[in-house]
Amino acid sequence: MTSPRPTSQDITKLIVRVSMKDRAAFDLLYRRTSAKLFGVCLRVLSDRGEAEEALQDVYVKIWTKADRFAVSELSPISWLVAIARNHSIDRIRARRERTTAIDAALEVPDEKPDPEAEAVAGGERDRIHSCLQELEQDRAAAVRAAYLNGDSYAELAERFSVPLNTMRTWLRRSLMKLKECLER
Amino acid sequence: MTPADDRDLEHGGDDALAAEYVLGVLPGDERLAVARRIEEDAAFSILVGAWEERLSPLNAGYEDVEPPASLKTLVDARLFERPDRKPKPRPSFSESLAFWRGLAGAAVAALAIAIALPFLQPAAVPEAAPRLVASLADDGTDVRYLAVYDGHSGDIGLSHVTGDRAQGRDFELWLIEGNAAPVSLGVVPVGASVHVPVAPAHRQMIASGALFAISLEPEGGSPTGQPTGPVVAAGDLRSI
């Protein structure tokens, strides 16, 4: 589908209309955002069939929870992505622990920046990246992998060959450093 | 986990927990517990929101992937085709009730509308008739309604968010324009999502920016034609 990249305002309008049960707005919102959200589900779940099921759940949630958007301070796309991420992560946590070795092979984080996405996110993206660079390299990689793939502490600990609690302490400290840098 | 580890993990407290939740690394049971807390603990949900915002630039790392064309049909079937069950008029509201109740006060609901409104100029979905929304609340009560006025049908949809009417009393909806005497739009029917028709004579008042108010009245409505009980919620209309 080649509709022009929607602006944040367009999406906001659509979400508010969806909160009033406007089906035409829901259709349009789906057309404009489903590729992004499917990308999220697929990346986290790394299984097409499951990602398709998850995406259905995500849009059912969007329909029923759209009224909550008004009290969120997130940009509309970030709000939608948060729903898709949270749902996908809940799903992988609920399914039996996967064999981490296979996952590690499947889920090598794609660090290649997507130029289009980069242009959209603008300066703030640069900012979080420069802040991530202030962290030790493997910790920054763990933060990115955790966020994009929805890796659990257990999976990260195994991947980075450290005890689980060490990984938890690492990441907590890294997140606090990241916050401190972003607020600087 | 040993007690020493627990102590170490307390470092950062709720803020660190919110960060871990947003990052997505928590085990399933902890995630569920945190998700429940977000619903119930407004201060904590603000921490989570701040982390979502902080980390959201990482979303640029997700690539768009077009889902199969048939998927939207499945979504619609799940949402709109439930032959086994009578569709509820506003399924979202029972769900969001707990959430709204968790909010600090009436001001938050009003603010929410105020935040959303600057973005809302009629454009994305063309629509000829004006639609207006008002959040009806009052600091002194927990009565809260969300009102949506459809200028085309002349119908006000009222969603009951919180606040019960006292036994043997009714809520009555009023239209207030400037200093003129309030005009009754009738008793608000009992229900989570109800509709109040607006007589053509009153539509002009709404179009010109009258205020909505809800008062507590004897059963069946005000005996005098003017509000006799306290105003339990009020709000002005904004176009969407």
Side-chain angles (χ1 to χ4, degrees), chain A residues 9-10 12-14 16-17 20-21 24-25 28 30 34-36 38-40 42-43 52 55-56 59-60 63-65 67-68 70-74 78 81-82 85 89-90 93-94 114 117-118 120-121 124-125 128 144 146-148 150-153 156 165 168-169 171-172 175-176 179 182, chain B residues 1 5 8-9 11-12 15-16 19-20 22-28 31-32 35 49 51-68 71-72 74-75 78-80 90-93 95-96 99 103 108 112-113 115-116 119-121 123-125 131 133 146 148 240:
Chain A
Q9 285 204 5
D10 289 339
T12 296
K13 282 180 222 162
L14 291 174
V16 174
R17 281 169 184 272
M20 288 173 224
K21 307 299 164 205
L28 207 51
Y30 181 89
S34 55
K36 180 77 181 173
F38 191 52
V40 173
L42 203 53
R43 176 83 181 252
E52 287 174 15
L55 190 69
Q56 289 180 45
Y59 277 93
V60 168
W63 174 261
T64 53
K65 293 183 171 178
D67 50 345
R68 297 183 177 205
V71 289
S72 161
E73 290 186 12
L74 289 176
S78 301
V81 168
R85 265 190 84 239
I89 293 170
D90 288 342
R93 290 291 172 280
D114 164 11
E118 192 138 55
V120 171
E124 226 185 313
R125 181 172 150 86
I128 200 163
R144 276 204 192 87
Y147 187 87
L148 291 174
D151 293 337
S152 67
Y153 273 135
L156 289 167
N165 284 336
R168 193 161 189 177
T169 306
L171 279 192
R172 279 191 157 223
L175 287 162
M176 288 304 148
K179 177 185 174 186
L182 287 168
Chain B
M1 221 176 278
D5 290 327
D8 188 39
L9 292 178
H11 180 75
D15 196 32
E20 289 177 305
V22 173
L23 191 61
V25 285
L26 293 173
R31 265 185 79 75
L32 290 178
W51 276 104
E52 283 177 332
E53 197 170 352
R54 232 168 252 141
L55 297 182
S56 64
L58 293 174
N59 292 341
Y62 289 115
E63 279 178 44
D64 287 14
V65 183
E66 206 63 59
L71 207 139
K72 176 63 162 55
L74 298 172
V75 173
R78 280 176 57 179
L79 281 172
F80 310 119
R90 289 181 66 92
S92 83
F93 250 83
E95 254 198 51
S96 58
F99 172 76
L103 289 180
V108 181
I113 301 296
I115 292 166
F119 297 98
L120 306 174
Q121 302 304 322
V125 182
R131 291 182 70 186
V133 66
L146 190 69
V148 178
I240 56 170

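Residue numbers begin at 1 in each chain, while the letters A, B, ... track the order of the sequences. Only a predicted model underlies this, so the values are computations on that prediction, with no experimental measurement involved.
- Considering all non-hydrogen atoms of both residues, A:Arg93 and B:Leu26 come closest at NE-O, 2.8 Å.
- The two residues A:Gln56 and B:Leu71 make their nearest non-hydrogen contact at CG-CD2, 3.6 Å.
- In this structure, chain B has a heavy atom under 4.5 Å from the side chain of A:Leu42, while its backbone stays farther away.
- Two residues are said to be in side-chain contact when any heavy atoms from C-beta on lie closer than 4.5 Å; B:Asn59 and A:Ser78 meet this criterion.
- From A:Lys21, atom NZ reaches atom CG of B:Leu79 across 8.5 Å, with rounding to the nearest 0.5 Å.
- Looking at every heavy atom in both residues, B:Val65 comes nearest to A:Gly39 through CG2-CA, 3.9 Å.
- Interatomic distance, B:Glu63 CD to A:Arg43 CZ, rounded to the nearest 0.5 Å: 8.0 Å.
- When the ring pair (Phe, Tyr, Trp, His ring centres under 6.0 Å) test is applied to A:Tyr30, the partners found at least two apart in sequence or on another chain are A:Tyr59.
- Of the two parts of A:Ala82, only the side chain, counted from C-beta on, holds a non-hydrogen atom closer than 4.5 Å to a non-hydrogen atom of chain B.
- Nearest approach of B:Tyr62 to A:Leu148, heavy atoms of both residues: OH-O, 2.9 Å.
- Counting heavy atoms from C-beta on, the side chains of A:Trp63 and B:Val75 never come closer than 4.5 Å.
- Checked against salt bridge (Lys or Arg N to Asp or Glu O under 4.0 Å), A:Lys179 has the following partners two or more places apart in sequence or in another chain: B:Asp15.
- Taking the side chain as every heavy atom from C-beta outward, B:Asp64 and A:Phe38 never approach each other to under 4.5 Å.
- Across A:Arg85 and B:Gly24, no two heavy atoms sit closer than the pair NH2-N, 4.1 Å.
- Heavy-atom pairs under 4.5 Å with chain B peak, among A:Leu55, A:Asp90, A:Leu175, at A:Leu175.
- Of the two parts of A:Val60, the backbone and the side chain both hold a non-hydrogen atom closer than 4.5 Å to a non-hydrogen atom of chain B.
- Between A:Glu52 and B:Pro68, the shortest heavy-atom contact is OE2-CG, 3.3 Å.
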